[in-house]
Amino acid sequence: MRIKTIKDTVNESTRRRFLRDTSLASVSLLSAGMADAVPEKPDANKDSLMPDPWGAAQKIVDRFSQPLVFRDQDFLITSYGAKPCELQQVKAWVSFESQANLATPTKQALDMYPAITAAIQACHQAGGGRVLIPRGNWYCAGPIVLLSNVHVHLQAGAHIYFSHQPDDYAKYGSIDCGERGRLVISRWQSNDCLNYSPMVYAFGQTNIALTGEDWTSILDGQGGVPFNADGDCWWTWKGKQRTINSIGQGKTPNFVAGKMSENTVNPTNAKSLHEITKMDAAQAQLIQGEGDRWRADAAYLPALSEANIPLAQRVFGKGHFLRPPLIQLIGCDKVLLQGYQAKDAPFWVHHPVNCRDLKIAKVLVNSHGPNSDGFDPEACENVLVESCTFDSGDDCIAIKAGKNRDTQYGPSQHMVIQNCTMQSGHGAITLGSEMAGGIQHIYAQNLLFENKNWATNPLNIAIRLKTNMNRGGFLKHFYVRNVSIPNGVQLSPSYYAFLPNSPFAAKTVASAAGAVVVFDCDYAPVADNVRTRPPEVSHIHISDVKVGNVVSQSGTYSCYQAIVILGPVASDYNGALPMPTVLPVRHVYIENCDFGSPVHHAQPLFLYNVSGMHLKNVKIGGKSMDQILDA
């Protein structure tokens with residue numbers, strides 16, 4: 001493994017991008033009239049909301065009033081040797097628990113990777129333009145890598161079937177990692193790593209666009225199509241499901257105990273952190289925890305971050321089980337994603353990291369597999385999500401901001417979500433759980449959480465925050481208005497396991513599913529060994545949310561509970577003393593809302609470690625509430 005080559009490449013790329021961003025951040029933000037955008041930690045003494053949050057939101061929208069400009073020249077992929085493919089029917093997974101016959105390219109299909117790569121290179125070298133993918137079925141056994149000033153456009157009826165063979169995404173990366181393959185700089189659940197390439201990838205590019213003519217323009221990750229004789233697919237790598245009382249998502253496609261997955265101990269990972277770094281024995285033990293569970297890939301990567309292992313040594317790829325996103329853009333500016341359908345992603349569907357001035361509009365996300373988050377902007381700034389539809393196997397939108405020690409890109413901030421529709425998913429709008437760098441100034445308005453699959457695969461939660469004593473970070477200035485939820489959310493409770501010293505008994509806090517609004521500052525605490533960073537949550541305003549009832553076998557209801565606010569749990573802390581201050585969730589305002597009729601009408605609210613939650617003209621079960629609550 002050529003560690004020197006990896007190290008040099010990683011350091012040069014990340015240093016250049018990070019220094020540029022930090023040096024220009026204050027100038028660009030102040031010149032835009034947004035001085036409040038400079039990242040800061042929450043101030044416990046500030047108790048006021050923004051005087052005009054929706055005016056601030058409009059300023060973000062106005063940034064996108066001028067379209068991106070590209071040279072007027074088309075580069076047709078068929079001019080570079082691409083040919084459409086024939087299809088065959090195979091039995092594949094279409095969700096956590098369901099299978100169906102799907103179309104997939106035949107074994108004789110011509111790989112269009114060389115042609116589209118050549119077209120993008122030619123377009124870029126010419127100074128930019130449009131790479132055109134015509135109507136037809138196309139097989140691509142490698143990533144589409146976007147370059148500056150290139151607009152990749154799918155005509156109506158253009159369907160790209162990305163190879164479902166993992167090794168095809170360890171062939172073309174810029175970093176040669178020997179037996180692990182040729183990999184790319186990536187992030188997996190908000191930790192930096194070298195890993196399989198996403199199906200669509202860009203690193204450090206400016207003025208790029210990926211568009212479709214309509215939702216028949218399809219980017220298909222084939223996440224549920226088997227890649228071996230055993231019937232395993234990308235989604236099998238998820239491993240064991242952990243949510244208690246999950247509805248429609250209780251299994252992982254084709255996974256059984258003993259199979260390798262992200263949650264199975266990987267014998268190729270170090271047996272001890274002392275094998276790869278020198279560090280204090282007590283700190284190493286804290287990071288590793290009891291037993292060898294930490295050696296599973298999904299736990300091993302965050303352990304490397306906690307131990308300050310450099311990116312050059314966080315090498316995954318072949319022999320490991322961290323699935324790549326369908327679309328990942330890192331360190332890019334002036335980005336447009338518009339007008340296509342993104343289908344069956346191996347992992348998260350869209351994952352922009354450290355991007356600026358990014359718009360996603362009129363996109364359909366149609367992916368019901370494990371971790372099929374629809375749109376996960378991470379440590380991004382000036383983002384507009386407009387007129388998209390999300391039908392997801394996980395959170396529809398989940399705003400991220402780093403995890404463990406990988407917070408170099410700062411907070412996620414200045415984002416507007418408007419005129420979108422959400423169907424199935426864990427959370428319609430979610431903040432976290434990976435939010436160590438902080439999240440602030442998020443605006444969501446004029447939304448339909450339709451939840452059309454409520455009877456079989458319901459929307460778990462409408463408005464959701466998740467963090468814990470490991471993920472830490474802060475959330476402040478989050479504003480939501482005008483949300484219609486005609487079919488409610490999940491009517492039964494789902495739970496996460498608590499730590500042995502928790503103040504809560506098992507299966508008593510429905511923080512995983514069942515409430516309309518959930519702020520969970522004790523999210524899945526047993527998953528994290530290091531719990532030393534109390535999160536801070538404040539300054540939230542939610543108004544004009546209307547939740548409808550559905551007629552179920554047990555009655556007519558809208559949710560299990562209306563609101564669950566589980567503030568930080570001090571007993572989870574396991575670091576050095578004195579313990580940092582653990583602040584309650586504070587300055588939450590909920591106004592002019594009707595939450596319908598909860599199943600748990602005897603306790604429609606659950607509050608813990610909350611200060612100053614203001615309810616004004618809030619209806620629950622037909623009864624109005626006007627009060628200030630502390631718990």
Side-chain angles (χ1 to χ4, degrees), residues 39 185-193 195 198 238 242-243 262-263 287 296-306 311 314 316 322-325 328-330 345 347-355 370-381 383 392 394-413 415 425-427 429-440 442 461 464-476 478 496 511-512 518-537 568 572:
I185 298 171
S186 186
R187 265 199 175 191
W188 192 86
Q189 287 196 337
S190 300
N191 287 127
D192 299 315
C193 61
N195 198 21
K238 166 64 177 178
R242 300 185 182 279
T243 305
E262 67 189 51
N263 293 316
I287 294 171
D297 288 339
Y300 189 69
L301 175 57
L304 297 182
S305 174
E306 286 285 2
L311 176 55
R314 304 184 195 180
F316 289 82
L322 302 184
R323 295 161 287 149
Q328 186 173 61
L329 314 172
I330 300 179
F347 190 62
W348 294 350
V349 181
H350 298 87
H351 184 205
V353 179
N354 189 30
C355 292
N371 304 105
S372 286
D373 292 22
F375 181 65
D376 289 15
E378 176 165 3
C380 293
E381 184 173 0
V383 174
S392 304
D394 207 308
D395 295 317
C396 295
I397 295 174
I399 299 171
K400 314 286 188 179
K403 186 172 182 283
N404 307 102
R405 298 181 183 272
D406 295 338
T407 60
Q408 69 270 30
Y409 299 130
S412 278
Q413 55 188 357
M415 301 183 183
H426 290 181
I429 292 180
T430 296
L431 304 112
S433 63
E434 302 86 357
M435 52 178 285
I439 300 172
Q440 59 184 358
I442 309 298
I461 296 165
R464 186 182 197 190
L465 161 78
K466 46 183 180 175
T467 183
N468 61 24
M469 200 69 80
N470 168 273
R471 292 146 201 255
F474 63 86
L475 167 66
K476 64 174 183 175
F478 174 41
Y496 296 114
S511 55
V518 174
F519 298 157
D520 182 4
C521 298
D522 194 35
Y523 170 72
V526 299
D528 297 305
N529 292 330
V530 177
R531 301 184 297 276
T532 60
R533 308 177 185 98
E536 301 181 25
V537 178
D572 287 356

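When reading the values below, keep in mind they use all heavy atoms of this one structure, side chains included, and skip hydrogens, waters and symmetry mates. As the structure is a prediction and not an experimental result, all values here were calculated from the model.
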(request) Would you name the heavy atoms of V349 and G374 that are closest together and state the gap between them? (result) CB-O, 3.5 Å
(request) Using the test ring pair (Phe, Tyr, Trp, His ring centres under 6.0 Å), find all partners of F375 that sit at least two apart in sequence or belong to another chain. (result) none
(message) As an exercise, state the distance from CD1 of I442 to CG of L431, rounded to the nearest 0.5 Å.
(response) 6.5 Å
(message) Using side-chain heavy atoms (C-beta onward) and a distance below 4.5 Å, is Q189 in contact with L301?
(response) no
(request) Decide yes or no for K238 and R323: does some side-chain heavy atom of the first lie under 4.5 Å from some side-chain heavy atom of the second? (result) yes
(message) Quick check: closest heavy atoms across R405 and S305, and the distance to 0.1 Å?
(response) N-OG, 3.1 Å
(message) If the condition is side chain to side chain contact (heavy atoms under 4.5 Å, CB included), which residues does A298 pass it with, not counting sequence neighbours?
(response) W188, E262, N263
(request) Calculate, to the nearest 0.5 Å, the distance between atoms CG and CG belonging to D395 and N371 respectively. (result) 9.5 Å
(message) Quick check: do S412 and E381 have side-chain heavy atoms less than 4.5 Å from each other?
(response) no
(message) Which residues pass the salt bridge (Lys or Arg N to Asp or Glu O under 4.0 Å) test with D572, not counting sequence neighbours?
(response) none
(request) Side-chain contact test, heavy atoms from C-beta onward, threshold under 4.5 Å: evaluate it for Y496 versus R242 and give yes or no. (result) no
(request) Give the minimum heavy-atom separation between A401 and G438, together with the two atoms involved. (result) CB-O, 3.2 Å
(message) Using modelled atom types and a 3.5 Å cut-off, is there a donor and acceptor pairing between side-chain atoms of N195 and backbone atoms of L322?
(response) yes
(message) Using modelled atom types and a 3.5 Å cut-off, is there a donor and acceptor pairing between side-chain atoms of K400 and backbone atoms of G432?
(response) yes
(request) Could I get the full list of side chain to side chain contact (heavy atoms under 4.5 Å, CB included) partners for A379, not counting sequence neighbours? (result) Y409
(message) Applying side chain to side chain contact (heavy atoms under 4.5 Å, CB included), can you list everything that pairs with C521, at least two apart in sequence or on another chain?
(response) L465, T467, P535, V537, P568, V585
(request) Give a yes or no answer on whether the side chain of N529 reaches the backbone of I287 with a donor-acceptor pair at less than 3.5 Å. (result) yes
(message) I want to check something: taking the side chain as every heavy atom from C-beta on, are R464 and Y523 in contact at a cut-off of under 4.5 Å?
(response) yes
(message) Taking side-chain hydrogen bond (donor to acceptor under 3.5 Å, both in side chains) as the definition, give me every residue that meets it alongside S372, ordered by chain and number, with sequence neighbours left out.
(response) S367
(request) State, with a plain yes or no, whether a side-chain heavy atom of M415 is found less than 4.5 Å away from one of I397. (result) no
(request) Check ring pair (Phe, Tyr, Trp, His ring centres under 6.0 Å) between F478 and all other residues, then give those that pass, not counting sequence neighbours. (result) none
(request) Name all residues meeting the salt bridge (Lys or Arg N to Asp or Glu O under 4.0 Å) criterion together with R314; count only those two or more places apart in sequence or in a different chain, and write none if there are none. (result) D406
(message) Using the side-chain hydrogen bond (donor to acceptor under 3.5 Å, both in side chains) criterion, which residues pair with K403? Sequence neighbours excluded.
(response) none
(message) Quick check: closest heavy atoms across G425 and C396, and the distance to 0.1 Å?
(response) CA-SG, 4.4 Å
(message) Between H426 and D394, do the side chains contain a donor N or O and an acceptor N or O under 3.5 Å apart?
(response) yes
(message) Rounded at 0.5 Å granularity, tell me how far CG in D528 sits from OG in S433.
(response) 8.0 Å
(request) Could you list the residues that satisfy side-chain hydrogen bond (donor to acceptor under 3.5 Å, both in side chains) with R533, not counting sequence neighbours? (result) E306
(message) As a test of understanding, state which of V530, N470, L304 forms a side-chain contact (heavy atoms from CB on, under 4.5 Å) with N404.
(response) N470
(message) Nearest 0.5 Å, please: how far is OH in Y300 from CG in N191?
(response) 13.0 Å
(message) Would you compute the distance between atom CD of E378 and atom CZ of R187 and round it to the nearest 0.5 angstrom?
(response) 4.5 Å
(request) Any chance you could measure D192, atom CG, to I330, atom CD1, to the nearest 0.5 Å? (result) 7.5 Å
(request) Heavy atoms only: give me the nearest A512-T243 pair and the separation to one decimal. (result) CB-CG2, 3.9 Å
(request) Applying side-chain hydrogen bond (donor to acceptor under 3.5 Å, both in side chains), name anything that partners Q328, two or more places apart in sequence or on another chain. (result) S186, H351
(message) So, using side chain to side chain contact (heavy atoms under 4.5 Å, CB included) as the criterion, who are the partners of A436 when residues are at least two apart?
(response) T407
